[in-house]
> 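I'd like to ask some things about the structure below.
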Amino acid sequence: MLTLHTRLLELAYDKEQLLIKGDMPAFTALVKEEAKLVRQIAQKEVERLQGLLVLDDEEKEALRPVLFELKRQNELNAALLEQSLNYINWHLDMLMPDADDFTYGQQAFETRSFSRDV
């Protein structure tokens, strides 16, 4: 369990760097490897719940900080992903504005806020 979670944490660190670089082909390959690891961890967890796998106290203590760091890293990666999606959406809005943006109808006035303050 510890080995699998440690490898998952390493992938989370790698994912952060790939998100920053914007290397989507490598990111896609990493996500596939991550999915395999998650399946293996889920299988181990089923074995643990069935009593087929027993973690000793030492392994539990070693696993705790890895899980804490993995959660922190996943939250950071989620924030990076959300930031990237917002950036992409902003670009799409700039390239393809709504059709109402080209008219002077009442709806255009309702959706925009105008300020005449100087």
Side-chain angles (χ1 to χ4, degrees):
M1 288 287 264
L2 181 61
T3 304
L4 292 173
H5 282 88
T6 302
R7 179 65 186 138
L8 194 59
L9 180 58
E10 292 169 358
L11 289 180
Y13 289 137
D14 293 345
K15 188 188 280 185
E16 176 188 1
Q17 294 306 312
L18 293 175
L19 284 170
I20 292 170
K21 290 179 188 172
D23 187 354
M24 288 302 110
F27 183 82
T28 302
L30 187 142
V31 168
K32 288 178 183 176
E33 184 179 351
E34 184 183 56
K36 290 178 187 173
L37 266 176
V38 168
R39 278 195 299 271
Q40 290 174 349
I41 290 170
Q43 179 61 38
K44 292 287 184 185
E45 182 63 16
V46 168
E47 292 174 10
R48 189 185 69 81
L49 292 173
Q50 292 174 342
L52 301 173
L53 175 69
V54 178
L55 301 177
D56 59 14
D57 290 340
E58 187 176 312
E59 191 170 6
K60 288 177 186 174
E61 285 301 315
L63 193 55
R64 197 166 285 139
V66 173
L67 292 174
F68 179 77
E69 179 62 15
L70 185 59
K71 180 180 178 190
R72 188 201 64 77
Q73 188 63 41
N74 281 339
E75 289 171 353
L76 175 64
N77 289 344
L80 287 171
L81 269 173
E82 186 174 333
Q83 191 177 38
S84 294
L85 288 174
N86 287 337
Y87 184 72
I88 290 168
N89 284 335
W90 178 78
H91 270 278
L92 287 174
D93 286 345
M94 294 296 288
L95 293 173
M96 298 182 297
D98 289 338
D100 291 340
D101 290 346
F102 297 110
T103 64
Y104 295 105
Q106 185 62 30
Q107 186 178 7
F109 286 110
E110 293 172 356
T111 58
R112 296 187 181 266
S113 64
F114 293 100
S115 175
R116 295 181 183 229
D117 297 338
V118 180

> Identify the two heavy atoms, one from Leu63 and one from Met1, that lie closest to each other, and give their separation to 0.1 Å.
CD1-O, 4.2 Å
> Just verifying a value: how many Å separate Glu59 CD and Asp57 CG, rounded to the nearest 0.5 Å?
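Rounded to the nearest 0.5 Å, the CD-CG separation comes to 10.5 Å.
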> When you check the gap from the basic side-chain N to the acidic O, do Glu75 and Arg72 get nearer than 4.0 Å?
no
> Going only through I, L, V, M, F, W and Y residues with side-chain contacts under 4.5 Å, is there a path from Leu92 to Leu85?
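Different clusters.
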> To the nearest 0.5 angstrom, please state how far the CD atom of Gln50 sits from the CD atom of Glu47.
7.5 Å
> In terms of heavy-atom contacts, does CE of Met94 have more than 12 from other residues, nucleotides or ligands at under 6.0 Å?
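Atom CE in Met94 is not crowded, with 12 or fewer foreign heavy atoms closer than 6.0 Å.
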> If you take all heavy atoms of Phe27 and Leu81, which pair is closest and at what distance?
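What the structure gives for the nearest pair is CZ-CD2, 4.4 Å.
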> Shared ILVMFWY cluster between Trp90 and Leu80, side chains joined below 4.5 angstrom?
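No; tracing contacts between hydrophobic side chains, which count when under 4.5 Å, never links both residues.
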> Hey, what do you get for CG (Leu76) to NZ (Lys15), rounding to the nearest 0.5 Å?
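It comes to 11.0 Å.
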> What distance do Asn74 atom CG and Glu69 atom CD have between them, rounded to the nearest 0.5 Å?
10.0 Å
> What's the shortest heavy-atom distance between Asn77 and Leu19, and which atoms?
O-CD1, 3.7 Å
> Calculate, to the nearest 0.5 Å, the distance between atoms OG1 and CG belonging to Thr28 and Asp23 respectively.
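So the gap between those two atoms works out to 9.0 Å.
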> If you round to the nearest 0.5 Å, how far is OG1 of Thr6 from CG of Leu67?
9.0 Å
> Hey, quick one: are Met24 and Leu18 part of the same hydrophobic cluster, counting side-chain heavy atoms closer than 4.5 Å, chains of contacts allowed?
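In one cluster: yes.
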> Is there a side-chain contact between Arg48 and Glu45 (heavy atoms, below 4.5 Å)?
yes
> Are Val38 and Val46 linked, directly or through other ILVMFWY residues, by side chains that come within less than 4.5 angstrom of each other?
no
> Quick check: closest heavy atoms across Ala12 and Leu70, and the distance to 0.1 Å?
CB-CD1, 4.1 Å
> Do the non-hydrogen side-chain atoms of Gln40 and Lys44 ever get within less than 4.5 Å of each other?
no
